[in-house]
Amino acid sequence: MPNFIVLNTIELLAAVCIAVVSLLVYRSWVAGKSLMVTAATGFVIIQTMYVLGTVLSIDWNIDEDFIWLQAQVASLALFTIGGLAANHLTHFNAKKEIRAFRLRPVLYDLDGTWHLFVLVLVGTASIAAGIVYALAVGYNVFTYSLTQFLSTQTVSQATYGTMRTTISTERYVAAGYSAQFFGILLPIVMYLLWFRWWQTRRLVNLIILPVVGALELYFLTITGGRSWLLYATGGFVALVFFGPFPKVGRRMRLWGAGVMITAVLFYGASTVLMGRATSKSNRDSLAQGVVMEFYNRVVGWQAEGQTQLMRYFISIPPVWGGEWLEGLESVLPQFRKAHGFGSRLHAMLYKGNNSGSLGLTFAGSAIYNWGIAGMLLLSGVLGWLLQRLTIWYVRGTRRLSRVVVIFSAGCSLARFRDPFSLLLEGFLTAMLCYWLLAVGEKKGSGTPVRGTVGKGMYLAKQSTTFVSGRAYTGHVGL
């Protein structure tokens, strides 16, 4: 056996062992063995999928592939160390405090005048932005392709792709700005509206929800992409099943399951309409094709493409923040380029075709901008910052508006890649929404939200829980 194979095998096993240890330490000592989704936990999950995909796509004859794998594992380890440092410096006992946080009922606060005003304002502005965007585009890629498929029983991958790329290449429609409204703010408004109906059982809230939901579904499918709809539905599912609630009743789980099924059906339908399923006639092949395409999007092709790109970026000097600055400048229309960095990455992978767009992962972007040493430092700092956000969230009040909006902001922050992603993925937008709601925050009724106490009842009792050495007197579910 050649020596390089032996050495590469040792490097691979060492990287896998370090990654596994980092994940175990993170789960036990940073996340406190909690299933609650936070910005830090979401970030770790996403980076872990990239590490797994890299392991499966490594070329044993290319040294840069192993350097890239080691860099990602080191980033994950230092992110974990940053989270540990945040816990230690703030005396945060993750296991006890997160559990105590989740045991307290979420207090309903959406009947106040200010909160209603903000919901109406943000909801109306988001719907208006979606309508303007829909008129600017002039068509809906998904609905057009679906009607064509139903009438002709054929799928045109070329037509689907051309309609998608035309939206962003032939004219400026402010897609990024519009998405902040119907992709970030409107889902948050819908979450809160759903809780208003869940709490009050008022017919007007039940009528508003499907109307807003239908508009939202149209807005999110205009470009034919799947990301924003999956983020919106996935955020609600995570909120219900893996959010700040210790237990939810059967009826609340049914709502979450319904939203999950809707997302799965849409993903399958859009994959077929894109022509990315393996067969147009056999149902089993179609289902298999959808599953394989999802795998490739999450672990397979996605990680393999990143590995191919990093073979080049690891071998060149860093640009010392130049690409990050270019991304921030692109926020302003006058600095927007017809083919930005994402288009150039797409061209690198697809034989000069710059009609699409790609992005580097956090580790890849940090290496390209600041080198491997800079990436390692940023990983530790990011771990500290994201865990500090979790600590602030857990130690804050359990009011419904705060719990829902900051949870949504955390889901956006979990997708952090570079400073530009703070805006693009909606973290800053969601935090602005939180600030608007917090400006007029009052004590509220203090009534627990249905399903957050015991078996969906309002009953609660006073109990003393010790948090970080201090006695906390609050409500826990019966």
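Positions are given from 1 along the sequence.
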Spacing of OG1 belonging to T233 relative to CD1 belonging to I261, to within rounding of 0.5 Å: 12.0 Å
Donor-acceptor pair, side chain of T221 and main chain of G224, under 3.5 angstrom: no
Distance under 6.0 Å and angle within 45° of ring axis: R395 vs W392: no
Separation of L193 CG from I188 CD1 (nearest 0.5 Å): 12.0 Å
Straight-line distance of R398 CZ to L107 CG, nearest 0.5 Å: 8.0 Å
Heavy-atom closest contact (R415 atom, C411 atom, distance): NH1-O, 3.4 Å
F142 and Y218 aromatic centres sub-6.0 Å: no
Ring centre gap for F117 and W114 strictly below 6.0 Å: yes
E425 and S412: side chain donor to acceptor below 3.5 Å: no
Salt bridge flag under 4.0 Å for residues D111 and R202: yes
Exam field: side chain R402 to backbone T397, donor-acceptor pair closer than 3.5 Å: yes
Side-chain donor/acceptor of Y393 to backbone N/O of V403, under 3.5 Å: yes
Parallel, tilted or perpendicular: rings of W228 and Y231 (30°, 60°): perpendicular
Ring geometry between F43 and F362 (parallel below 30°, tilted from 30 to 60°, perpendicular above 60°): perpendicular
More than 12 heavy atoms of other groups within 6.0 Å of Y144 OH: no
Polar contact flag, side-chain donor to acceptor under 3.5 angstrom, T54-Q306: no
